Amino acid sequence: MRVVAWILTLLLLLFGLGLAALTLGAFAALSAGAPLWLRSVGSLESAMSAGLGWADVPGFTRALVLAVLTSAVVGLGAYIKPR
């Protein structure tokens, strides 16, 4: 059971890391002064959001939802970590 908890913890933390990158990209896409590579991640997030049907949601709202989701996923990963 302990091995399964470690595997789930690692998967949740990796998923959280990916969500964190998309969150940074979503916030960077709101600013014209952001670095190009970060705005490129933002355009990837925008394309993924359009694929999920969130194209009509404003960018700032999507970024906030992603930030909360990232916090929840990483927090869950830290919570289930075996002690």
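Please read all numbers here as calculations on a predicted model, not as lab measurements.
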Legend entry - Nearest heavy-atom neighbours spanning G42 and A29: CA-CB, 4.2 Å

Inset, instruction - Tell me whether L11 is reachable from W6 by hopping between hydrophobic residues (I, L, V, M, F, W, Y) whose side-chain heavy atoms are closer than 4.5 Å. - result: no

Inset, instruction - Starting at CG of L22, measure out to CZ of R62 and round the result to the nearest 0.5 Å. - result: 11.0 Å

Inset, instruction - Please name all residues satisfying side chain to side chain contact (heavy atoms under 4.5 Å, CB included) with V68, sequence neighbours left out, ordered by chain then number. - result: none

Inset, instruction - Hey, could you give me the OG/CG distance between S71 and L76, rounded to the nearest 0.5 Å? - result: 12.5 Å

Legend entry - Value rounded to 0.5 Å, distance of CD1 in I80 from CG in L8: 3.5 Å

Inset, instruction - Nearest 0.5 Å please: distance from the CG atom of L66 over to the CZ atom of F27. - result: 8.5 Å

Legend entry - side chain to side chain contact (heavy atoms under 4.5 Å, CB included) involving R39 - partner list, sequence neighbours excluded: A34, L36

For a quick test of your reading: what N or O donor-acceptor pairs under 3.5 Å do the side chains of residues 51-58 make, sequence neighbours left out?
none

Legend entry - Point-to-point distance, once rounded to the nearest 0.5 Å, from CG of L13 to OG1 of T9: 6.5 Å

Legend entry - side chain to side chain contact (heavy atoms under 4.5 Å, CB included) partner of F15, the single match among L69, L10, T70, V73: V73

Inset, instruction - Treat each ILVMFWY residue as a node, draw an edge where side-chain heavy atoms are under 4.5 Å apart, and state whether L24 and W37 are in one component. - result: yes

Legend entry - same_hphob_cluster(L14, I7) at 4.5 Å side-chain heavy-atom cutoff: no

Inset, instruction - Determine yes or no for a side-chain-to-main-chain donor-acceptor pair under 3.5 angstrom, with S31 supplying the side chain and A28 the backbone. - result: no

